[in-house]
Amino acid sequence: MPLTSSARRASCERCQRPQSACICQWICPVTPHHQVLVLQHPLEVKQAKGSGRLLQLSLQGSQLVVGEQFDVAQLQDLLFGVWPGADQPVERVQPVLLYPETGQTASPPVMVPAQQRLRLVILDATWRKSRKMLYLNPMLQQLPRLSLQNPPPSHYRIRKAHRPDQLSTLEASCHALAQLEQGQEKERYLPLLQAFDGFVGQQAAYASGSPD
């Protein structure tokens, strides 16, 4: 039976999308070894094709904060503070930015000592908007950077990429975590990547006008 107008407008409390486009079926709970902080550009909040919310709902203990330019004290706390329910002391938190080296600024390499817990910082934005977020938040520029090593081709066919190695926020984050956790059950992210394929298919069906 077709959805009524009120049903289409109603939002899912969990994924915050219209109930007619709910993505909760694709949530795949995974507990990463490292913490994940998603800084989402405001323009991504209503972007139906965006994968940031699905990533945050799937990665246990992760946080998603919306903004373009953050208050310095707020960003300091997000990067270095103790999160609610965290299982490690604040002095052991090391934030690392998932972002390719641009050649304009040198950042220290990511070294992961034994037992070190990282806080992987993800910019959920278009390439152009992510560069602006870096420019507006100098604290992010100072973080050690993690670049993906030989990432596989993206399955993100629903959004245009400017380069073959550009991945969705979810794909890039999963591959980054697997890269950091090499030898530590790195295949734990495969179910989430498979669920992402279902999400992409759902969005492609909506775009073609055949959500069923």
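As the structure is a prediction and not an experimental result, all values here were calculated from the model.
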Please report the closest heavy-atom contact between Ser58 and Trp26, naming both atoms and the distance.
OG-O, 4.4 Å

Measure the shortest side-chain to side-chain distance between Leu193 and His175 over non-hydrogen atoms and say whether it is less than 4.5 angstrom.
yes

Among Leu177, Leu59, Leu190, side-chain contact (heavy atoms from CB on, under 4.5 Å) partner for Val30
Leu59

For residues Phe80 and Leu134: do they belong to one hydrophobic cluster (side chain heavy atoms under 4.5 Å, members Ile, Leu, Val, Met, Phe, Trp, Tyr)?
yes

Just verifying a value: how many Å separate Ile122 CD1 and Ser130 OG, rounded to the nearest 0.5 Å?
11.5 Å

Once side chain to side chain contact (heavy atoms under 4.5 Å, CB included) is applied, do any residues pair with Gln60, and if so which ones, sequence neighbours excluded?
Pro29, Thr31

For the hydrophobic clusters of this structure (ILVMFWY residues joined by side-chain heavy atoms under 4.5 Å, transitively), does one cluster hold both Leu79 and Leu136?
no

From CA spacing to verdict: side-chain contact (heavy atoms from CB on, under 4.5 Å), Tyr99, Arg131:
CA-CA 10 Å; Tyr99 207 83; Arg131 285 183 294 179; 3.1 Å; yes

Write down the atom of Ala176, the atom of Leu120, and the distance for their closest heavy-atom approach.
CB-CD2, 3.9 Å

CZ on Arg53 to CG on Leu170, rounded to 0.5 Å
13.5 Å

Quick one: does Gln142's side chain have a donor or acceptor within less than 3.5 Å of a partner on Met139's backbone?
no

About how many Å separate CG of Leu55 and CG of Leu64, when rounded to the nearest 0.5 Å?
8.5 Å

OG on Ser62 to CD on Gln56, rounded to 0.5 Å
4.5 Å

Hey, what do you get for CD (Gln194) to SG (Cys28), rounding to the nearest 0.5 Å?
8.0 Å

Report yes if the side chains of Lys129 and Glu44 come closer than 4.5 Å at any heavy-atom pair, otherwise no.
no

Counting C-beta onward and ignoring hydrogens, is there a side-chain heavy-atom pair between Leu180 and His34 closer than 4.5 Å?
yes

Can you give each donor-acceptor pair under 3.5 Å made by side-chain atoms of residues 66-76, sequence neighbours left out, with the distance rounded to 0.1 Å?
residue	atom	partner	partner atom	Å
Glu68	OE2	His41	NE2	2.9
Asp71	OD2	Ala73	N	3.0
Asp71	OD2	Gln74	N	3.1

Evaluate the side-chain proximity of Gln179 to Leu148: yes if any heavy-atom separation is below 4.5 Å, no if none is.
yes

Tested for side-chain contact (heavy atoms from CB on, under 4.5 Å) against Leu123, the lone hit among Asn137, Leu37, Leu97 is Leu97

Basic-acidic side-chain contact under 4.0 Å: Glu181, Arg188:
yes

Distance col, row Ile27:CD1 vs Phe199:CZ, nearest 0.5 angstrom, shows 11.0 Å

Check Phe196 against Ser51 and note the closest heavy-atom contact, atom names and distance.
CE1-CB, 3.8 Å

Start with the C-alpha distance between Glu171 and Cys174, add both sets of side-chain angles, then the distance that settles side-chain contact (heavy atoms from CB on, under 4.5 Å), and finish with yes or no.
CA-CA 5 Å; Glu171 290 174 304; Cys174 287; 6.0 Å; no

Where the side chain of Arg14 meets the backbone of Cys24, is there a donor-acceptor pair that is under 3.5 Å apart?
no

Would you indicate whether the side-chain heavy atoms of Gln63 and Val38 approach each other to under 4.5 Å?
no

Mind running side-chain contact (heavy atoms from CB on, under 4.5 Å) on Gln202 and Ile23 for me, showing each step along the way?
CA-CA 9 Å; Gln202 179 190 49; Ile23 61 171; 3.6 Å; yes

Is any side-chain heavy atom of Gln203 less than 4.5 Å from a side-chain heavy atom of Val200?
no

Backbone of His33 reached by a side-chain donor or acceptor of Arg117 within 3.5 Å:
yes

Less than 4.5 Å apart, side chain to side chain, heavy atoms only: is that true for Leu39 and Val121?
yes

Under a 4.5 Å cut-off applied to non-hydrogen side-chain atoms, are Gln35 and Leu118 in contact?
no

